[in-house]
2 protein chains.
Amino acid sequence: MRTSATPKHLDQTLLALADPTRRAILQRLSAGEVRVTELAQPFAMSLNAVSKHIRVLERAHLVHRRREGREHLLSFTPKPMDDVARWMEAQRANWSARLQALDDLLQEEDRVLAPPRKGRTR
Amino acid sequence: MRTSATPKHLDQTLLALADPTRRAILQRLSAGEVRVTELAQPFAMSLNAVSKHIRVLERAHLVHRRREGREHLLSFTPKPMDDVARWMEAQRANWSARLQALDDLLQEEDRVLAPPRKGRTR
DNA sequence: TTGATATTCAACCCAGAGGTTGAATGATGC
DNA sequence: GCATCATTCAACCTCTGGGTTGAATATCAA
């Protein structure tokens, strides 16, 4: 079934990561499960605002919520980040392949402009 | 002077990447310089829309523009992607360190709950 | 000059982010 | 049952993103 890495997924993951508050949340969460209120405490914004950020992270599947009574325990889910990493790696490969091709081309030009020295030039 | 990797930079880079059109543009550009019109051609949107996307990519320093007469030649600049990769790598390290700590803890608990067997329990 | 081409600028539209406040829901503890 | 605590839902505001169209700018070609 292969759920990972459709463009839509990438969009949501990257969008979720493109905010310092949310990155801070992930950082905190990567140290272990935290309750919503506890998580919100250090931020200079309302609990509601943090709650919304959490929803964005959930939508991107970067955060998982486990209900325990009235408390909601949040944890980090790294898989979407792996997908991003894979995309970036593919991009990097593309890029360096192009540089290699360019390099080859330049070397070819050199060979043409300055043929195997045998006197002759000049 | 160290320009790289302030949160603001990361925000702009990740935001720029969080759009399929812009990712496609980067893909195309990683194969070499392209003119704006040429670049816009395959997309089902106005030239102006593509022009705006390009501006977003420039703001994130993912694309460099070289003017040659009336033509603007665009090229891919990979450095901001490296910064993203570095952040993700740090995050990943954090995460696995936590898993390791958790693992150690569980092992410790095991040792406590089931001490070096010597009969005794039951 | 004049006309065509490459590109941006400007104004506008609509949807969605990111924040607020206030009310609703749902578990807990007496 | 009742007050309290943890959390979300709902409505609202403002700003920005992504798109449009139409006009402006700059270069090329004649």
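Within every chain, numbering begins at 1; the chains are lettered A, B, ... in the order of the sequence lines, protein sequences first and strands thereafter.
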- Which whole-number value in Å describes the distance from B:E71 CD to D:dA29 P? 10 Å
- Sidechain N-carboxylate O distance under 4.0 Å for A:R23, B:D11: yes
- Message: Whole angstroms only, please: what is the CZ-C1' distance between B:R35 and D:dC28?
- Response: 13 Å
- Does A:E89 pair with A:R86 as a salt bridge, N-O distance under 4.0 Å? no
- Whole-Å distance, B:D19 CG to C:dA15 C1', equals 14 Å
- Query: Looking at B:S51, does any N or O in its side chain come under 4.0 Å of the phosphate oxygens OP1/OP2 on C:dT8?
  - Reply: yes
- Task: Report the residue (B:M45 or A:V36) whose heavy-atom-nearest nucleotide on DNA chain D is the more 5′ of the two.
- Result: A:V36
- Query: Got a donor-acceptor pair under 3.5 Å from the side chain of A:N48 to the base of C:dG22?
  - Reply: yes
- Query: Taking only N and O in the side chain of A:S46, is any of them less than 4.0 Å away from OP1 or OP2 of C:dG19?
  - Reply: no
- Could you check how far CZ of A:R67 sits from P of D:dT8, rounded to whole Å? 8 Å
- Is the base of C:dG19 touched by the side chain of A:K52 through a donor-acceptor pair closer than 3.5 angstrom? yes
- Query: Should the pair A:R28-A:E38 be classified as a salt bridge under the 4.0 Å nitrogen-to-oxygen rule?
  - Reply: yes
- Task: Find the distance B:H72:NE2 to D:dT27:C1' and express it as a whole number of Å.
- Result: 10 Å
- Item | Whole angstrom value for the distance that separates C1' of D:dA6 from CD of A:Q41 | 15 Å
- Message: Using a heavy-atom cut-off of 4.0 Å across all strands, would you classify A:R22 as base, sugar-phosphate, or nothing?
- Response: sugar-phosphate
- Query: Regarding A:H72 and A:R65, is there a side-chain donor-to-acceptor distance under 3.5 Å anywhere?
  - Reply: yes
- Task: Write down the distance between CZ (A:R59) and P (C:dG18), rounded to a whole number of angstrom.
- Result: 9 Å
- If you pin A:L15 and A:R70 to their nearest nucleotides in DNA chain C, which one's is more 5'? A:L15
- Message: In terms of relative ring orientation, are A:H61 and A:H9 parallel, tilted or perpendicular, with 30° and 60° separating the classes?
- Response: parallel
- Task: Could you check how far NE2 of A:H53 sits from C1' of C:dG19, rounded to whole Å?
- Result: 8 Å
